[in-house]
Amino acid sequence: MQVLTSTTAVQSRALDLRASERSIGLVPTMGALHEGHLSLVRAARRENDVVLVSLFVNPTQFGPTEDLARYPRDLEGDRQKLEDEGADILWRPPAEEVYPPGYQTYIRVEDLETRLDGATRPGHFRGVATVVSKLFHVCLPHRAYFGQKDAAQVAVIRRLAQDLNFPLRVVVCPIVREPDGLAMSSRNAYLSPADRQAATVLYRSLQAAVSLYHAGSHAAESLRQCLIAAISSEPRAKLDYAAAVDPDTLQPLDQVTRPTLLAVAAWFGGTRLIDNAVVAPRAHSLLP
Ligand code: PAJ
């Protein structure tokens with residue numbers, strides 16, 4: 001696996017690959033890689049000639065009081081995992097290359113950036129949309145891989161890829177979980193043992209709402225109340241949001257008459273975790 005830092009080196013490599021008709025699969029990450037990230041690398045490995053993984057802890061998507069400085073970093077561990085998965089190129093640009101002095105161009109997905117995590121983390125999706133657009137321009141991928149774990153991020157990226165005419169396919173991979181159901185996340189490393197135990201309430205709340213849906217309760221508000229009740233039953237959890245929304249627009253729905261994203265976020269101590277599930281009427285779930 002080739003490890004590159006220079007933006008121009010990566011872009012000229014991507015141009016060469018495109019000229020020789022080799023397909024490029026891009027997996028954007030912030031490192032501290034776990035099985036969730038590696039599932040994206042495996043999907044990219046199956047579907048492309050060349051797998052390019054970017055590793056960049058993007059400062060513009062962190063708020064002033066957030067965890068940028070203490071975000072987990074393990075470059076040697078990450079390099080080894082990517083080597084083992086057969087990635088071809090690891091790009092880890094220094095921050096000054098991505099945002100050189102004088103940098104002032106940002107991408108805003110105007111409505112979506114205010115919803116779900118965007119409501120709690122103002123500016124977060126502006127940072128994500130900006131860095132992902134830059135990664136697309138530098139890496140020129142045919143396919144780019146993202147996790148359903150970050151469902152609002154997926155909505156933002158799908159929208160920007162369409163709105164800005166990026167010639168690529170956004171591929172979304174399923175949520176990878178720990179054996180007890182907790183969605184894998186680099187931030188799980190922050191949890192105390194008691195909070196780690198309590199955090200399983202997010203998955204349990206989604207299971208309860210999905211069961212309620214299958215028992216015939218199709219009103220979005222009743223599913224939302226079910227999520228809230230489950231999370232509130234865990235004293236260590238502080239609810240941020242529970243929502244039943246359209247997966248593309250992230251706007252609240254009244255009834256589950258089409259695929260509906262059930263999304264939750266809660267604080268455990270100083271750590272904010274998210275999770276989600278999609279419910280869909282039978283006619284929809286039979287569609288490819
Ligand atoms: P990061 O949190 O490192 O996640 C990188 C990718 O891994 C994202 O697409 C995320 O959805 C996916 N992922 C994380 N946990 C997952 C899990 N348990 N199952 C499946 N996929 C999972 O998301 C970011 O970085 C950044 O915002 C980024 C897109 C790289 C832009 O800076």
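Please read all numbers here as calculations on a predicted model, not as lab measurements. Counting starts at 1 for both ligands and their atoms, in listed order.
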So that I can tick it off, tell me whether [Y] and [X] are bridged by a salt bridge, with the cut-off set at under 4.0 angstrom between side-chain N and carboxylate O.
X    : Y    : value
D275 : K149 : no
R126 : E113 : no
R121 : D117 : no
R258 : D246 : yes
R187 : D67  : yes
R42  : E85  : yes
R204 : D180 : no

Protein contact to [atom] [nearest heavy atom, distance to 0.1 Å]:
atom                    : result
atom 19 (N) of ligand 1 : V176 N, 2.9 Å
atom 21 (N) of ligand 1 : G147 CA, 3.5 Å
atom 20 (C) of ligand 1 : P174 O, 3.4 Å
atom 2 (O) of ligand 1  : Y71 OH, 4.0 Å

Could you tell me the separation between the CG atom of L212 and the SG atom of C226, rounded to the nearest 0.5 Å?
-> 5.0 Å
Which distance, rounded to the nearest 0.5 Å, do you find between the CD of Q251 and the CZ of R115?
-> 4.0 Å
Looking only at heavy atoms of A32, does any of them come nearer than 4.0 Å to an atom of ligand 1?
-> no
Atoms of ligand 1 less than 4.0 Å from [X] heavy atoms?
X    : value
M184 : 15 (N), 16 (C), 17 (C), 18 (N)
Q61  : 26 (C), 27 (O), 31 (C), 32 (O)
V131 : 31 (C), 32 (O)
Q153 : 8 (C), 9 (O), 23 (O), 24 (C), 26 (C), 27 (O), 29 (C)
D150 : 10 (C), 11 (O)
L40  : 6 (C), 7 (O), 9 (O), 12 (C)
H34  : 14 (C), 15 (N), 16 (C)
P28  : 5 (C), 6 (C), 30 (C)

For ligand 1, is any non-hydrogen atom under 4.0 Å from S54's backbone (N, CA, C, O), its side chain (CB onward), both, or neither?
-> neither
Which option, K149, R177, Q148, R187, owns the non-hydrogen atom nearest atom 22 (C) of ligand 1?
->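 The residue whose heavy atom sits nearest atom 22 (C) of ligand 1 is K149.
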Shortest reach to atom 4 (O) of ligand 1 by a heavy atom, considering only E178, H37, H124 | H37
Flag M30 as yes when one of its N or O atoms lies below 3.5 Å from any N or O atom of ligand 1, and as no otherwise.
-> yes
NZ or CZ of R70 within 45° of Y190 ring axis and under 6.0 Å = yes
Does a donor on one side chain sit under 3.5 Å from an acceptor on the other, for N48 and Y145?
-> yes
